Amino acid sequence: MSRLVMHVDIDAFYAAVEQRDRPEWRGRPLVVGAEPGRRGVVATCSYEARRFGVHSAMPIAEAVRRLPAETVYVRPDMARYAEVSREIMRVLGALSPIVEPVSIDEAYLDVSGLERLVGPPEVVARRTKAAIREAVGLTASVGIGPNRLIAKLASDARKPDGLLVVRPEEVRAFLDPMPLGALRGVGAVTARRLEQTGLRTVGDVRARPLEELRRRFGARIGTQVHLQSNGIADDRVHPAAERQSISKETTFAEDVVDSDVLRETLRWAAQEVGYLARHAARKGTLVTLKIRLHPFETHTRSRTLAAPTADDRILFDTAWDLYRADTHAGRAVRLIGLGLSGWAQAPVQPDLFADMESREQDPADDRLDATLDAIRRRFGRHCIQRGLSRRP
DNA sequence: TCTGGGGTCCTAGGACCC
DNA sequence: TCTGGGGTCCTAGGACCC
């Protein structure tokens with residue numbers, strides 16, 4: 001029996017919450033993000049704003065230039081969004097016992113067993129959308145497919161308020177026309193590299209031999225794009241994984257040279273990180289200082305401690321020491337912050353193969369297993385690390 | 001145009017050990 | 001005097017995701 005994965009994504013989440021709670025903002029361009037006139041970017045914007053070409057991660061100054069005067073700008077209210085998110089995840093938990101939240105407004109669900117209980121995938125998807133709308137008054141886009149990749153692309157394909165089910169026999173036709181950036185792990189840099197060799201769509205990648213892709217782009221990326229272009233991806237859904245690190249950083253309104261300001265900012269970050277770590281019942285051994293210098297040059301400096309800690313004072317002393325010892329000390333600083341990781345008793349992360357080999361054999365896994373076996377035979381047992389699996 | 005903040009994972013060189 | 005091979009840890013940087 002093949003698995004059925006559903007991806008749920010709330011449309012323009014932060015902006016939708018704001019418009020839901022302030023009716024006078026509905027129907028108007030709305031931006032949630034940095035304050036206009038200061039440094040920062042758009043976190044999310046309403047669909048009315050997207051019509052002007054504005055999108056997430058766009059510098060706020062550029063958004064202001066593009067948007068009309070009646071645009072509403074609001075700062076994010078994370079506590080409120082988190083509350084709405086918890087309610088949405090609760091609703092999803094009532095639909096399937098296997099829910100994996102991937103961010104504040106997105107989740108994967110294993111809906112394999114729901115056919116007999118609820119009905120065909122389309123019905124499951126419609127019910128999900130209706131339940132979310134009823135519970136929190138927001139619209140969601142929902143995609144269902146044989147694995148995470150296809151489910152995610154299916155939910156993206158009909159946004160906003162979308163619904164799409166892609167069946168196994170439809171996967172290739174669905175994927176082939178997509179741009180390379182649709183594949184997981186292919187961002188701007190990799191997409192450019194792929195395009196330089198004449199590859200433009202997922203179908204183009206699928207038409208190339210695996211060996212060539214591996215030779216040109218490296219074992220990891222080559223194998224990943226090959227598998228994905230054939231519609232092969234992780235179909236497992238697991239409950240939330242543990243956090244691997246906790247960090248706090250801030251960008252100054254203007255670049256800072258005053259070391260007192262840097263020191264006190266680092267002290268604040270250490271207190272925040274220490275507090276969060278203690279509340280997560282975590283102690284870490286790796287302290288990482290992050291600085292971004294003028295104009296936009298990022299560096300990290302880290303130190304492994306002899307004993308795990310969640311102590312503000314130790315975090316601050318370590319980070320400040322790293323800063324003072326750094327050759328860049330004294331230059332104008334745009335951003336400073338620190339992180340803590342390397343938890344005591346770190347959870348073991350099985351790699352993709354280990355997990356697949358220990359898994360109970362399922363006839364529907366044959367195609368995936370055959371492909372992986374072939375790759376293993378040709379390139380050695382350890383040629384694929386984690387990578388298609390985004391969570392332990 | 002001028003680039004947030006919070007994360008994950010991978011790579012690669014050097015140290016160090018056997 | 002010149003020089004193994006494998007494994008793991010540490011550190012810095014970078015691609016990518018939401």
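Here the structure is a predicted model, which means the values were calculated and not measured. Naming: A, B, ... by sequence-line order, numbering from 1 per chain.
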Completion exercise
Under a 4.0 Å heavy-atom criterion, the protein footprint on nucleotides 7-12 of chain C, written with B, S and -, is ---SSS
Completion exercise
Students should find that the hydrophobic cluster of A:L149, defined by side-chain heavy atoms under 4.5 Å apart, otherwise consists of A:I150, A:L153, A:L164, A:V166, A:V171, A:F174, A:L175, A:M178, A:L180, A:L183, A:V186, A:L194, A:L199, A:V202, A:V205, A:L213, A:F217, A:I221, A:V225
Exercise for the section: Could you list the residues that satisfy side chain to side chain contact (heavy atoms under 4.5 Å, CB included) with A:R86, not counting sequence neighbours? Expected result: A:A82, A:E83
Look for any protein N or O under 3.5 Å of an N or O in nucleotides 1-3 of chain B and output each such pair with its distance, or none.
residue	atom	partner	partner atom	Å
B:dT1	O4'	A:E62	OE1	3.3
B:dT1	O3'	A:R65	NH2	2.8
B:dT3	OP2	A:R334	NH2	2.5

Handout entry: Hydrophobic cluster (4.5 angstrom, side-chain heavy atoms) - remaining members for A:L286
Key = none
Exercise for the section: Could you tell me which residues satisfy side chain to side chain contact (heavy atoms under 4.5 Å, CB included) with A:A61, sequence neighbours excluded, listed by chain and number? Expected result: A:R65
Handout entry: N or O in side chain of A:K248 less than 4.0 angstrom from B:dG5 OP1/OP2
Key = no
Problem - A:R167 and A:V165, any side-chain heavy atoms less than 4.5 Å apart - result: yes
Exercise for the section: Name all pairs fulfilling the ring-ring contact (aromatic ring centres under 6.0 Å, His included) condition that reach into residues 29-58 of chain A, sequence neighbours left out, sorted by first residue then second. Expected result: none
Completion exercise
For residues 257-299 of chain A, the ring-ring contact (aromatic ring centres under 6.0 Å, His included) pairs (sequence neighbours left out) are A:Y275-A:H279, A:H299-A:H328
Handout entry: For A:D317, all residues meeting side chain to side chain contact (heavy atoms under 4.5 Å, CB included), sequence neighbours excluded
Key = A:R313
Fill in the blank from the handout: Contacts satisfying ring-ring contact (aromatic ring centres under 6.0 Å, His included) that involve residues 60-98 of chain A (not counting sequence neighbours) are A:Y14-A:Y81
Exercise for the section: Report yes if a side-chain nitrogen or oxygen of A:T250 is closer than 4.0 Å to either non-bridging phosphate oxygen (OP1 or OP2) of B:dG5; otherwise report no. Expected result: yes
Exercise for the section: Stems involving DNA chain B: give each as a range paired with a range, ordered by first number, where a stem means at least three consecutive Watson-Crick or G-U wobble pairs under 3.5 Å. Expected result: B:5-18 with C:5-18
Determine all donor-acceptor pairs shorter than 3.5 Å in which one atom belongs to a side chain in residues 34-44 of chain A; sequence neighbours excluded.
residue	atom	partner	partner atom	Å
A:R39	NH1	A:F252	O	3.0
A:R39	NH1	A:D255	OD1	2.9
A:R39	NH2	A:D255	OD1	2.9

